[in-house]
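Down below is the structure, laid out as structure tokens.
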Amino acid sequence: MQALIEELESRVSEVMSELAGERVSAMVKLSQNIKFGDYQVNGVMSLAKKLGMNPRQLADKIVVKCDLSDMCEPAEIAGPGFINLRLRSDWLTKQLQKAIYDTERLGVDIVPVSGRTVVDFSGPNLAKEMHVGHLRSTIIGDVLSRVLEFLCGDSDKVVRQNHVGDWGLQFGMLVAYIRETEPDSFADPSVLRVWDLEQFYKNAKKRFDENEEFKQFCYKCTVMLHEKDAATMAVWRAVLGESRRHCKVIYDRLMVNLNESNEKGESTYCDDLPDVIADLAKAGMITESDGAQCVFMPGYNTAEGEPLPLIVQKSDGAFLYATTDLAAVRYRVSKLGASRVIYVTDSRQKLHFQMVFDCASKAGWTGQARLEHVPFGSVLGEDNKPFKTRSGESVKLSALLDEAESRALAVVSQKNPELDAKTKQEIARVVGIGAVKYADLSNNLISDYVFSWDKMLAMEGNTAPYMQYAYARVQSIFRKALTEGKTITAGAAISLQEPAELALAKILVRYAETLSAVSRELRPHILTGYLFELAGEFSTFYNACPVLKAQEPVCSSRLALCRLTADTLKHGLSMLGIETIEQM
RNA sequence: GCACUCGUAGCUCAAUUGGAUAGAGCAUUGGUCUACGAAACCAAAGGUUACAGGUUCGACUCCUGUCGGGUGUACCA
């Protein structure tokens, strides 16, 4: 079966479409108030209007014609023409049963997709260390990739693309700096080791700013790099290797699924750029303006009210990121076979991508593919300005994650002093990293958010630790069950008597539609919201319904509910790239 | 100036993209541990959804205008 809400939607829509004589949507939504059932049909009123009918009478016809008796109690017509649906308890238990057996997918059906989905995210500048500015793109893109991949059940259909900065002046500068300060490494790039990449970059930059001769040398090295001078390329590759080493540490700590096979940096496209210009010119889209090669499209204006161009080649002949992005679109559509390309970058680049998409489409490079920009807001400090260190520098991700772990360690040590040091360390790692990621993901994408240690590690409210705690408590029940000789049988009959049991069951069966909503709307906070609700509903259940002390068959039934709750929490968190621990 | 974006409880944010009585978490106030883990639960209180119009059966959501914040706006990415 497809996701619950989608099943209801398609069944009711079909009946409504028959009555309407055209394709209409039932607009099935989750009810906000249990008084109105579990799901409600909202589309009746507008259809009645269109058909010139009384909405309640139309609702009546729909209800008579639409057989939902396997899933729902008899439908009720309420208010001006809502149809309220309540799930049958025996249907619920059947779904839960199925999900428990299905340890791989928890009853979530595969949704096949045509073509590939390309997700462009993270994209750090490899000349420097990753800083807090890379955090959001990296983890949001990772979550979207995970969800899309899981839903279509085919890892070949989701292609992660790490569009790293690995080309241009900054690398000419690093190569120049190595030639000057480390002749040994220049002679044999394999011995190059950069322990502190950030400091290394800073030193080079300082020299660049202060010494005119060195600056010219940097320009020269950049040209040599672009001309593929062998020795220069060798050092450049060595620098990238060192830089990747730094990146990998961060990706590993963040549990982000990115590796070298996903890396398609700017340099990948450098040979295609002249073709991009040539093809645009052939299509008659290029206009020269102030010596630069430009694409002018309607609807874009400068501050002075003049037409705003997408510049694809500078007056000095150099290419820009717009050119590279256009080349990447071509590659992704024609070579990777993308039917959907998702760009996860901050909202300040919105105009840029609008213009690039517009241009690529006019040039005929997009084919059937849908290009989507997922813009997100900035990470701010407590002063509501971009998050920086006290000295005004960007915060390195390695330092940020260190602090997350040490703060979490302090909390763990306070809450559970009896745990041994190693266990505390591990809990602190999982909780600390989880807290950082969750705080980011649970915010609506588009708004800026203030980075606050106190809030994300408060371990209260809508935070990762709250869910990790819920998970740990379920696991604790299973540990205890084991010592009492109770076995957990997947096939145990589930009966839903208490309100808390029913409420828990109803949220558990919504997991599939939640993931589906995330993949459609590309908003991870839909999933965090769901998990928070699930953990909350479990906590209520945990308090209201004793599990191990209950008589059979209630005990087994509740154990089964616990099993599925734990699996769903763990799975949902894994979609967010957040780990769980058995105890905390 | 123009474009984009946001404005919701004291604070931080939701509201399934036009549905019924706008929901959570912090903070505040009260109640639950001799209990399967209190990093928890239960309850109370908190609102003219920035403002003014409009569209319709129905508006936080769409349209127009006003006010306020953020971002972008020709050779950086």
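Below, chains carry the letters A, B, ... as their sequence lines are ordered, and counting in each starts from 1.
At whole-Å resolution of the value, CD in Q583(A) and P in A39(B) are 14 Å apart. Between E533(A) atom CD and A15(B) atom C1' the separation is 11 Å, expressed in whole Å. The CZ-C1' distance, from F532(A) to G23(B), rounds to 11 Å in whole Å. Rounded to an integer number of Å, the gap from N384(A) CG to G70(B) P is 10 Å. Straight-line distance from the CZ atom of R56(A) to the P atom of G19(B): 20 Å, rounded to whole Å. In this structure, the CZ atom of R563(A) is 15 Å from the C1' atom of C36(B), given to the nearest Å. With rounding to whole Å, Y438(A) atom OH is found 13 Å from G25(B) atom P. Rounded to whole angstrom, the span from the OH atom of Y39(A) across to the P atom of U16(B) amounts to 15 Å.
Residue E266(A) is classed as a sugar-phosphate contact, given heavy-atom separations below 4.0 Å to backbone atoms only.
Residue order along RNA chain B, read from the 5' end via each residue's closest nucleotide, puts S347(A) first among S347(A) and P309(A). When each of Y449(A) and A517(A) is assigned the nucleotide of RNA chain B with its nearest heavy atom, Y449(A) is the one assigned upstream, toward the 5' end.
Taking atom C1' in both G58(B) and U5(B), one finds a spacing of 27 Å when rounded to whole Å. Taking atom P in both U29(B) and A15(B), the straight-line distance is 30 Å, to the nearest Å. G18(B) and A59(B): their P atoms are spaced 13 Å apart (whole Å). To the nearest whole angstrom, the two P atoms, one in C4(B) and one in U64(B), are 10 Å apart. Between the C1' atoms of C13(B) and G7(B), the separation comes to 13 Å (whole Å). When the P atom is compared between G70(B) and U12(B), the two are found 15 Å apart, to the nearest whole Å. C41(B) sits 16 Å from A24(B) when the C1' atoms are compared, rounded to a whole Å. One C1' atom belongs to U61(B), the other to G23(B), and the distance between them is 15 Å to the nearest Å.
Enclosure of atom NZ in K202(A) by more than 12 non-hydrogen atoms of other residues, nucleotides or ligands within 6.0 angstrom is indicated. More than 12 heavy atoms of other residues, nucleotides or ligands shown are found within 6.0 angstrom of CZ on R479(A). Around atom CD1 of I446(A), more than 12 heavy atoms belonging to other residues, nucleotides or ligands sit under 6.0 Å away. Atom CD of Q551(A) sits in a sparse spot, with 12 or fewer heavy atoms from other residues, nucleotides or ligands closer than 6.0 Å.
You'll find that the side chain of F36(A) is closest to A20(B), out of A20(B), A74(B), C4(B). Taking every side-chain heavy atom of L351(A) into account, G72(B) is the closest of G72(B), A35(B), C4(B). When each of C6(B), A38(B), A20(B) is scored by its nearest atom to the side-chain atoms of F82(A), the top-ranked nucleotide is A20(B). Considering only the side chain of A303(A), G1(B) comes nearest among G1(B), A39(B), G19(B). The side chain of Q40(A) lies closest to G19(B) when the candidates are A74(B), A38(B), G19(B). Side-chain atoms of K549(A) lie closest to C36(B) of the nucleotides A77(B), A39(B), C36(B). Closest to the side chain of F296(A), out of C4(B), G37(B), A74(B), is A74(B). The nucleotide whose nearest atom lies closest to any side-chain atom of A78(A) is, among A15(B), A20(B), C13(B), A20(B). Candidate nucleotides G72(B), C13(B), G37(B) were compared by shortest atom distance to the side chain of R348(A), and G72(B) ranks first. Set against A15(B), C36(B), A24(B), the side chain of Q32(A) has A15(B) as its closest nucleotide.
Taking 4.0 angstrom as the limit, H352(A) places none of its side-chain polar atoms (N or O) nearer than this to OP1 or OP2 of C76(B). At the phosphate of A39(B), OP1 or OP2 sits under 4.0 Å from a side-chain N or O atom of Y469(A).
Side-chain N/O atoms of R473(A) and S539(A) include a donor and acceptor closer than 3.5 Å. When only modelled atom types and interatomic distance are considered, T302(A) and E306(A) share no side-chain donor-acceptor pair under 3.5 Å.
Between the side chain of N84(A) and the base of A20(B) there is at least one donor-acceptor pair of N/O atoms closer than 3.5 Å. In terms of polar N and O atoms assigned as donor or acceptor, the side chain of S289(A) comes within less than 3.5 Å of the base of A74(B) in a complementary pairing.
A ring pair (Phe, Tyr, Trp, His ring centres under 6.0 Å) with Y343(A) is found for one member of F357(A), F376(A), F121(A) and no other, namely F357(A).
Across all their heavy atoms, L548(A) and K480(A) have their closest contact at CD1-CG, 3.6 Å.
For C67(B), the glycosidic angle deviates from 0 by more than 90°, giving an anti base.
Taking the ring axis of Y530(A) as reference, the NZ or CZ atom of R510(A) does not stay both within 45° of it and closer than 6.0 Å to the ring centre.
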What does the list of N/O pairs under 3.5 Å between the protein and nucleotides 41-48 of chain B look like, with a distance for each?
unit_1	atom_1	unit_2	atom_2	d
C41(B)	OP1	Y466(A)	OH	2.6
C41(B)	O2'	N543(A)	ND2	3.3
C42(B)	OP1	T540(A)	OG1	2.9

(request) Please step through side-chain hydrogen bond (donor to acceptor under 3.5 Å, both in side chains) for the pair N125(A) and H134(A), ending with a clear verdict. (result) CA-CA 9 Å; N125(A) 180 350; H134(A) 301 113; over 6 Å; no
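Between F451(A) and F387(A), the two ring planes are parallel [angle under 30°; tilted spans 30° to 60°].
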(request) Return one dot-bracket line describing RNA chain B 5' to 3' (Watson-Crick or G-U wobble pairs, both distances under 3.5 Å; ( ) same strand, [ ] crossing, | another strand, . none). (result) (((((((..((((.....[...)))).(((((.......))))).....(((((..]....))))))))))))....
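Between atom CD of residue E266(A) and atom CG of residue D325(A) there is a gap of 8.5 Å, rounded to the nearest 0.5 Å.
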